[in-house]
Amino acid sequence: MRCDRRQLLLAGLACLGRPVWAGSGLRIVSEEAPPFNYTERGVPTGLCTELVQAVLKELQLKVPIETLPWARAYDMAQHSGDVLIYSIARTEQREHLFKWVGVLTQADYSLFALASRGLKLGQLSDALQLQTATVNADVAEQFLEERGFVRGRHLQSGSRNELNLEKLRQGRVDLWIAPDVMARHLVRQVGQDFHRLLAKALPLPELSVSFHMAFGPATPDEQVEMFRRGLEAIKRNGQYELIRSKWHGARKGAEAAST
């Protein structure tokens, strides 16, 4: 009962326009998933991070963002009433496991291979004969598991996509499943030309997802609604599009420089 009262107080203070500091009990968790959310010199950044920070500012909240391995962040948010998680894909499998705040951005996924191998798949089932790098408990790994892929047999599950790219470069896996924009970003980070290093072995249009902010099911509805109003507010006042344009513009500029 004490937790519920604390959360109601948090919502009430924000609605009254009074700043709420980190000691309120609310936690915000994310993962290293550039360019959506990641740390740079120890500071949280990325497209979705800036959107979440804009919502916090709108609500006059002062809460630090914690970067954790995805499986840990996912479990923490799902089983706690005072944890906000982002960027989490909203899928049928997860629909009733979380209370959804709203969309931050969209992402399209593909299976990537080294360009030097010339590997092209006719259909997803062809990948069952190969080794694919995934991130533990993320939407792409869940997508493959639902279609018969097994961790330890077909999938090499890890904690971060940066490590999965390195596995692919070293020939320890045949394929890597990741959002298209992330693959390009991470290849640039290691100083490589995307088209020379990677090729799409199989685009996955059925794995086009929206990334959200969400709370676990034990979270009071008042708190979820407070964040929903905050997200709607930055969409109305133009901050949402301003931040998205900044990151999309930076990405296009980097891609042009690498071609």
Side-chain angles (χ1 to χ4, degrees), residues 30-38 46-52 70-71 73-74 77 85-113 119-128 130 132-149 154-155 157-158 160-162 164-165 168 174-188 194-195 198-214 228 231 235 240-241 243-252 254-255:
S30 190
E31 66 165 335
E32 293 286 348
F36 307 112
N37 28 267
Y38 62 106
L47 164 60
C48 294
T49 294
E50 288 199 8
L51 290 172
V52 170
W70 179 252
Y74 184 86
I85 187 171
Y86 79 97
S87 306
I88 180 169
R90 187 170 185 172
T91 64
E92 183 177 349
Q93 177 182 349
R94 296 172 172 175
E95 184 65 30
H96 301 295
L97 301 179
F98 295 91
K99 291 185 177 179
W100 302 92
V101 174
V103 178
L104 295 173
T105 193
Q106 307 280 139
D108 297 316
Y109 282 73
S110 296
L111 283 168
F112 293 95
L119 186 60
K120 296 291 183 181
L121 305 182
Q123 55 192 4
L124 183 58
S125 59
D126 294 342
L128 288 167
L130 303 167
T132 301
T134 60
V135 169
N136 185 21
D138 86 343
V139 65
E141 184 175 88
Q142 291 174 347
F143 170 84
L144 292 177
E145 287 179 320
E146 289 172 357
R147 286 155 180 80
F149 290 76
H154 311 106
L155 308 178
S157 184
R160 295 170 56 181
N161 273 299
E162 293 93 328
N164 287 340
L165 173 59
L168 186 65
D174 305 293
L175 299 167
W176 167 41
I177 187 169
D180 295 359
V181 63
M182 178 187 290
R184 293 178 181 275
H185 182 92
L186 291 179
V187 168
R188 289 198 303 270
F194 175 80
H195 296 290
L198 298 184
K200 288 186 182 182
L202 183 68
L204 298 169
E206 64 271 43
L207 186 56
S208 179
V209 301
S210 55
F211 285 151
H212 287 243
M213 303 163 65
R228 189 173 292 130
L231 182 57
K235 289 182 177 181
Y240 180 85
E241 281 305 323
I243 293 169
R244 282 172 53 84
S245 296
K246 166 192 165 182
W247 280 91
H248 289 315
R251 185 176 77 227
K252 289 178 180 177
E255 288 175 357

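Numbers here simply count residues along the sequence, with the first being 1.
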Tell me the closest heavy-atom pair linking D108 and S208, and the distance in Å. OD1-OG, 2.6 Å
D174 to L119 - nearest heavy-atom pair and separation: O-CD2, 4.2 Å
Check: K200 main-chain N/O paired with K120 side-chain donor or acceptor under 3.5 Å: yes
Is there a side chain to side chain contact (heavy atoms under 4.5 Å, CB included) between V139 and W70? Walk through the geometry before answering. CA-CA 10 Å; V139 65; W70 179 252; over 6 Å; no
Nearest non-hydrogen partners of T105 and Y240, listed with the distance: N-OH, 4.4 Å
Step by step, would you call F112 with V187 a side chain to side chain contact (heavy atoms under 4.5 Å, CB included)? CA-CA 12 Å; F112 293 95; V187 168; over 6 Å; no
One pair to check against side chain to side chain contact (heavy atoms under 4.5 Å, CB included): N164 and L186. What are the steps and the verdict? CA-CA 10 Å; N164 287 340; L186 291 179; over 6 Å; no
Tell me whether the count of non-hydrogen atoms from other residues, nucleotides or ligands lying under 6.0 Å of CD in E92 goes above 12. no
Using 0.5 Å steps for rounding, measure from the CD atom of Q142 to the CG atom of N136. 9.5 Å
If I take atom CD1 from residue I177 and atom CG from residue L124, how far apart are they, to the nearest 0.5 angstrom? 7.5 Å
What closest approach, in Å, do N161 and A178 show between heavy atoms, and which atom pair accounts for it? OD1-CB, 4.2 Å
CE (M213) and CD1 (I88) are apart, to the nearest 0.5 Å, by 12.0 Å
Quiz question: by atom type and distance under 3.5 Å, do the side chains of Q123 and S125 form a donor-acceptor pair? yes
Can you tell if the side chain of L121 reaches within under 4.5 Å of the side chain of L130, non-hydrogen atoms only? yes
So how far is it from I243 CD1 to C48 SG, rounded to the nearest 0.5 Å? 10.0 Å
List the residues meeting salt bridge (charged side-chain N to carboxylate O under 4.0 Å, His left out) with R244, not counting sequence neighbours, and say none if there are none. E241
State, with a plain yes or no, whether a side-chain heavy atom of Y74 is found less than 4.5 Å away from one of E31. no
Test side-chain contact (heavy atoms from CB on, under 4.5 Å), reference L51, set L231, N37, L104, output is L104
Is the backbone of Y86 close enough, under 3.5 Å, to the side chain of S30 for a donor and an acceptor to pair up by distance? yes
Judged by atom type as modelled, is there a donor-acceptor pair below 3.5 Å linking the side chain of R228 to the main-chain atoms of W100? yes
Which atoms form the tightest heavy-atom contact between R94 and A89, and what is the distance? NH1-O, 3.0 Å
For the CG atom of L111 and the CG atom of L198, what is their distance to the nearest 0.5 Å? 12.0 Å
If the condition is ring pair (Phe, Tyr, Trp, His ring centres under 6.0 Å), which residues does F36 pass it with, not counting sequence neighbours? F211
Tightest non-hydrogen contact, residues F98 and A214, listed as CB-CB, 4.0 Å
Using the side chain to side chain contact (heavy atoms under 4.5 Å, CB included) rule, take T49 and Y38 through it: C-alpha gap first, then chi angles, then the decisive distance, then the call. CA-CA 8 Å; T49 294; Y38 62 106; over 6 Å; no
Which distance, rounded to the nearest 0.5 Å, do you find between the CG of L47 and the NE2 of H185? 11.0 Å
Using modelled atom types only, decide if a donor and an acceptor are shared between the side chain of R184 and the backbone of F194 within a distance under 3.5 Å. no
Would the distance check show the side chain of D138 and the main-chain N or O of E141 forming a donor-acceptor pair, the cut-off being under 3.5 Å? yes
